[in-house]
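Everything below concerns the one structure shown next.
Residue numbers start from 1 in every chain, and the chains themselves are labelled A, B, ... in the order their sequence lines are given, proteins ahead of strands. Note that this is a predicted model, so its numbers are computed, not measured.
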There are 6 protein chains.
Amino acid sequence: MSTPGPGPVRHDGRTPDQLRAVSISRGFARRSDGSALYRCGGTAVLVTANLTEAVPSWLEGREVGWLTAEYMMLPGSTSPRKERRTDSRSTEIQRLIGRSLRASVDTKALGPRTLHVDAEVIDADGGTRTAAITAAFVAVVDAIREKLGPDALRLVLKDSVAAVSVGIVAGQPLLDLDYVEDSGAEVDLNVVRLGRGGLVEVQGTGEGGTFSRSQLTTLLDLAERGLDLLTACQRDALGPDWPF
Amino acid sequence: MSTPGPGPVRHDGRTPDQLRAVSISRGFARRSDGSALYRCGGTAVLVTANLTEAVPSWLEGREVGWLTAEYMMLPGSTSPRKERRTDSRSTEIQRLIGRSLRASVDTKALGPRTLHVDAEVIDADGGTRTAAITAAFVAVVDAIREKLGPDALRLVLKDSVAAVSVGIVAGQPLLDLDYVEDSGAEVDLNVVRLGRGGLVEVQGTGEGGTFSRSQLTTLLDLAERGLDLLTACQRDALGPDWPF
Amino acid sequence: MSTPGPGPVRHDGRTPDQLRAVSISRGFARRSDGSALYRCGGTAVLVTANLTEAVPSWLEGREVGWLTAEYMMLPGSTSPRKERRTDSRSTEIQRLIGRSLRASVDTKALGPRTLHVDAEVIDADGGTRTAAITAAFVAVVDAIREKLGPDALRLVLKDSVAAVSVGIVAGQPLLDLDYVEDSGAEVDLNVVRLGRGGLVEVQGTGEGGTFSRSQLTTLLDLAERGLDLLTACQRDALGPDWPF
Amino acid sequence: MSTPGPGPVRHDGRTPDQLRAVSISRGFARRSDGSALYRCGGTAVLVTANLTEAVPSWLEGREVGWLTAEYMMLPGSTSPRKERRTDSRSTEIQRLIGRSLRASVDTKALGPRTLHVDAEVIDADGGTRTAAITAAFVAVVDAIREKLGPDALRLVLKDSVAAVSVGIVAGQPLLDLDYVEDSGAEVDLNVVRLGRGGLVEVQGTGEGGTFSRSQLTTLLDLAERGLDLLTACQRDALGPDWPF
Amino acid sequence: MSTPGPGPVRHDGRTPDQLRAVSISRGFARRSDGSALYRCGGTAVLVTANLTEAVPSWLEGREVGWLTAEYMMLPGSTSPRKERRTDSRSTEIQRLIGRSLRASVDTKALGPRTLHVDAEVIDADGGTRTAAITAAFVAVVDAIREKLGPDALRLVLKDSVAAVSVGIVAGQPLLDLDYVEDSGAEVDLNVVRLGRGGLVEVQGTGEGGTFSRSQLTTLLDLAERGLDLLTACQRDALGPDWPF
Amino acid sequence: MSTPGPGPVRHDGRTPDQLRAVSISRGFARRSDGSALYRCGGTAVLVTANLTEAVPSWLEGREVGWLTAEYMMLPGSTSPRKERRTDSRSTEIQRLIGRSLRASVDTKALGPRTLHVDAEVIDADGGTRTAAITAAFVAVVDAIREKLGPDALRLVLKDSVAAVSVGIVAGQPLLDLDYVEDSGAEVDLNVVRLGRGGLVEVQGTGEGGTFSRSQLTTLLDLAERGLDLLTACQRDALGPDWPF
């Protein structure tokens, strides 16, 4: 395994430790309480966040809130077209998104309300689940601000949250895999982290292989570097609305 | 019933026979063969079109093609958030979209292929089904061009197709109802027409009332005025790729 | 396009503006509040109507009633046998039936009750959706009379409602298409109208073609002629129970 | 337990060993290969039978045929209206109907074809599953005659089949329970038998109680008496088309 | 038909009137209120019973309890593997299990509670539905004892209940068919009986044949012999917890 | 965070780095190609493995095999009883089981066959997903041996695979959490590893909290210790059938 760093150039010209270009457009879906159109290279995800004054039945009477997520690859997001259905991969991903965002929310301070996060993949070029998480934080900030007012932000949100994928391709650790890289990766690791550094989720998978503890360490270092940058992108997008 | 014309101004400042501002962005979904992000006032619909080299089983061996459509209101397209499911209204609408677009396609010239049209409503502010049809034509042109080449356009497409809604609100015939107007309409009429003028679908419904033959005539006149304008918008969006 | 009138004889011997023979048997399903077995040439539809003292959840507390419809082609109604399922065509049709019947009902006068209309197609030889609407009105009259008494009829029902299909086959406008004619029609138009003449639904479709404004006018004239006759059939079937 | 016989009169005036009045109308559904509208007192069932030139996948290549049945209580067959769905009771019943009819069919002589039996309950006043079986035999005869010719009847059909329910109500064995009797029965027994006497199914259930061997014997005697009469009704209905 | 008795030896060495070896292990599933792992030759069924303080909605407010059953063949219970789904056969069986167990329960004495019986087939070698019933009684005893105390047993349970299958194979009446025998049986009869002798269910089916009244009598005699033995097995398994 | 080691005793008397008692019974389900009843403290999982001579449609013609897994908590495995359904948690888990086992299988050497792994949770007391993986390896060995012979084992299997959960409870890193510990854990980490040490899956989740890189390292050390022991348990259970 090579050391990450400037190293050899990737098929799209990036260095191993380089993110794809990120852009975040707030308010793209105008009727949602909050929304963000997130582009990261060839990947595009629209995330909406909406707050309702109700909780799932199993939380009724407990004065705490909830955040739930759905993730859908739109049929036109892949070539060839993908059938419209919540398959088992989508189920796994929407559980990950929900857990990740809940790590940033103080459900007691939220009160008996539900935040609905909906991630719609418009273009799937790798990293859609981590893009959805990073974008969702921005949409959630706007939804809380819209419905509960700017003063609620620091009460309801404990920290920002972002996610990134890293992997090993042909022995080389790479940050932010695109679809071509992901398809050939030996190891794939998704890391979700709060803005101040607490790890929320670490999901590493040997795809057609296995990985060692030292490879895991290298990948986590690389992921943390990407997460610093993505947190900065979120801060830029939110500008004066950044809650912390 | 008043005569349409300059007349009284509507709640958003439009005259009775005025369309909302239309914008059409081609290629918004980058992995689809063709796509269009269509905005019409507060309504936004993303339509993708993808061509596959297969036909439904009931057409196998018959050397003709097919066009099929799905229509989905994304959960974040309404306030409050809409549950993600294909309800009976969506089923009715996707059948309308499919029939309307097939009127513009020569399925024999298409050959044993299927055009998949997917309409995703991003913002629902009235007129989403007619927006989907008008946008779908642009996406279909790009999908055919992308997959079969520019020369195929005039063979496969018989004419352009566009759609508009008209209605009577407080006794006043109005073009292109938004959500507020639609909710209070006494009569609602959706008209689908080819660019050269042939009617494809006329669907009029008395919503909590009925309508007369003369009201129907007035509404059809108003719709045709709007359809002329929408066909021009499609032509502008396609520019040199306009096939006729 | 030829003018409708005596004209050339159709494959079953009818003139272009002639309905198939209609018969309406009330009370065929003995446990329903109201029912009608409706035959129109080779088409047979059994419609039942039942009144329940409840409303859908979204109407609760609003003191108005509702009418909802289901439409099912029984497996034995076609040759070859049709699989038993609510396909997208059935969904579209049951929405049409529901809207059409609601146009005749004063839901405020009905009070917080639901009228359930169930249309079961026993023999499908064209025109089943319009047959279902025409029959449903008779069943609804009997259900209201049975459950709320004869005096309620004029309060709850605003007018009678009937439906008919017309179309253009080989350039010839025809009233009340049967299956063979419908399969070859260039244009198909379903018209739903109240007994006193208010239009409720106009649904015209170019099947493999388009239609002009003047063709639409000719077809509407033909439909209205048929609707006058069907309203008379309803009045005959109901005899002294005719509410108006 | 009393002995069956003239005995005390039932709530509808019948003696304990008396069937309700039976009528069988052949050909009620005109597009099916065979059909029978069967009325037995207040119970009405429409059974259609259709023959297709195909077999289920698990029989492919084995040169034998199959018979399958569906059973549906139409929503209007009960008061209050029944929701339209195949519940577990319907599943149990359609399996019984299928097994019962297959006992009369020589699936080898049928060849690689499927007989589809569809039983639609129009009025449910007790005994609908046995009515469906008795009616289905008539519909199946007509379907085979229609599709394979009259000479095929004696080859494909081994015997006629009919069914009846018996039960014990207030200690009294009764033939052909109606809904009121069935609701209060201590024991309920459905018996399916071929015309020449072979038993096909015997299904006895203690409803809120149990039964003894001698009660079972009494009920079987009573059922056999009813089955002789029902077989005669089938023979009358089929007249010269009776195959045996 | 031969007389049952010592007679010829069966393919596994049993005499015609011999049960397979039975073993019952209580408490196999440790978190359920009651459970029994039941083995009968090559058949193994795990039955759990759990009591909840609620009733189905249609029993609310009536102060009586309910018992409901589910039956599932685990995918690994057959070779080849069986797909995991509740097919129509399973639906029929779980209704039988529920009715059978309810015959032993005094639902008024149970009070507004539900007993959930879950039968999981681990090895399917014939007779799984009757094994499930016999095992379920043991699990239900333990669930009631666990949740309501030993004194409740005689109040809530009216009698024990057990079930066995008998059949005719190659003209020979046999007790407790295994899979090989069942596959070749001409007649199959399942009998459910209370410990003191009351019959609960008698379900006889001619499989590819029919049966006579005298065959039915012979089979019932054979079944009752088996049921005496199975009731003794239940009594042994429960030891001092036998409630009667 | 304390250092793992002898340390304070847990609620069940274990030291922080102690596994619960493990037992593995091979061949528990007798009709499956391979099976293992796995108990680990209060958790019990029955895993069956069956080999079929077919592959999913998307692998047809590619001469490689597949392994797929299902995971089901039986209704009686929890108190109160769990409804029988594949919820989103189960979907996530069965994907994990499938990926984990595929890491041990050479799908090319397996040839065009599918290994079906079914994990049925009998008692759920924490760690069911990791128990299922560890047990599944044993069942898979037996299934391959049964169907392809003992010589195939070293060809088809690349290595053994086992899984364990670790977590932090009240600041204390613990090995092999039971249900009580898991419910109160701040961090939960599941680790899947091959027998020779390659990591297959690392899934760490902050449950209501976050974790640091050094906590992750401590937990991985603890997990590896448990995995050494579990691999030895698998080796013991397989005895001379251990393939490596």
Side-chain angles (χ1 to χ4, degrees), chain B residues 64 68-71 86-100 102-108 158-161 168 186-217 219-221 223-224 227, chain C residues 64 68-71 86-100 102-108 158-161 168 186-217 219-221 223-224 227:
Chain B
V64 299
T68 183
E70 294 192 8
Y71 165 96
T86 304
D87 53 16
S88 60
R89 175 183 167 275
S90 300
T91 299
E92 187 179 80
I93 290 174
Q94 58 201 17
R95 285 173 58 85
L96 172 66
I97 299 173
R99 287 197 306 269
S100 298
R102 283 194 295 275
S104 72
V105 172
D106 182 332
T107 54
K108 278 192 190 154
K158 298 188 286 189
D159 198 349
S160 67
V161 63
I168 298 177
E186 294 120 43
V187 186
D188 179 29
L189 180 74
N190 291 298
V191 182
V192 186
R193 208 194 62 180
L194 298 189
R196 294 189 195 100
L199 292 168
V200 173
E201 288 268 341
V202 170
Q203 294 203 347
T205 300
E207 306 272 359
T210 59
F211 53 103
S212 65
R213 290 285 295 274
S214 79
Q215 284 176 314
L216 179 60
T217 298
L219 288 172
L220 285 166
D221 290 343
E224 297 227 42
L227 290 162
Chain C
V64 300
T68 184
E70 295 191 8
Y71 166 97
T86 305
D87 54 15
S88 61
R89 175 183 167 276
S90 299
T91 298
E92 186 180 80
I93 291 174
Q94 59 200 17
R95 284 173 58 86
L96 172 66
I97 298 173
R99 285 197 307 269
S100 298
R102 282 195 296 275
S104 73
V105 171
D106 181 332
T107 54
K108 278 191 191 157
K158 297 188 286 190
D159 199 348
S160 66
V161 63
I168 299 177
E186 293 121 41
V187 185
D188 179 29
L189 179 74
N190 291 297
V191 183
V192 185
R193 206 193 65 180
L194 298 190
R196 294 189 194 100
L199 291 168
V200 173
E201 289 268 342
V202 170
Q203 294 202 347
T205 301
E207 306 272 0
T210 58
F211 53 103
S212 65
R213 290 285 296 274
S214 79
Q215 283 175 315
L216 180 59
T217 297
L219 288 172
L220 285 166
D221 290 344
E224 296 228 42
L227 289 163

Interface moiety of [X] toward chain C, non-hydrogen atoms closer than 4.5 Å:
{"X": "B:T205", "value": "both"}
{"X": "B:R193", "value": "neither"}
{"X": "B:L216", "value": "side chain"}
{"X": "B:R102", "value": "neither"}
{"X": "B:T107", "value": "neither"}
{"X": "B:Q94", "value": "neither"}

Examine whether an atom of C:S88 lies under 4.5 Å from a heavy atom of chain B, and if so say whether it belongs to the side chain, the backbone or both; otherwise answer neither.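 Contact with chain B involves both backbone and side-chain atoms of C:S88.
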
B:A103 versus B:V200, closest heavy-atom pair with distance: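 Here B:A103 and B:V200 meet closest at CB-CG1, 3.6 Å.
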
Between C:A69 and C:I97, what is the shortest heavy-atom contact and its length?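 Of all heavy-atom pairs spanning C:A69 and C:I97, the closest is CB-CG2, 3.6 Å.
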
Side chain to side chain contact (heavy atoms under 4.5 Å, CB included), that's the test. Do B:V202 and C:F211 meet it? Break it down for me. CA-CA 10 Å; B:V202 170; C:F211 53 103; 3.9 Å; yes

For chain C, find which of B:L194, B:D221, B:T86, B:N190 contributes the most heavy-atom pairs closer than 4.5 angstrom.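 Ranked by heavy-atom pairs under 4.5 Å with chain C, first place is B:D221.
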
Picking from B:R95, B:Q203, B:E201, which has the most non-hydrogen pairs under 4.5 angstrom with chain C?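 Result: the option with the highest number of such pairs is B:R95.
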
Looking at C:G209, C:G206, C:G198, which makes the most heavy-atom pairs under 4.5 Å with chain B?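 Heavy-atom pairs under 4.5 Å are most numerous for C:G198.
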
Please test C:Y71 against C:R89 for side chain to side chain contact (heavy atoms under 4.5 Å, CB included), starting from the C-alpha separation and ending with a verdict. CA-CA 10 Å; C:Y71 166 97; C:R89 175 183 167 276; 3.2 Å; yes

Is any side-chain heavy atom of B:L199 closer than 4.5 Å to a side-chain heavy atom of C:R213? yes

Rounded to the nearest 0.5 angstrom, the CG-CG distance for B:L189 and B:L220 is 5.5 Å

Out of curiosity, B:I93 CD1 to C:E92 CD, how far, rounded to the nearest 0.5 Å?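 Answer for the CD1-CD pair, B:I93 versus C:E92, is 10.5 Å.
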
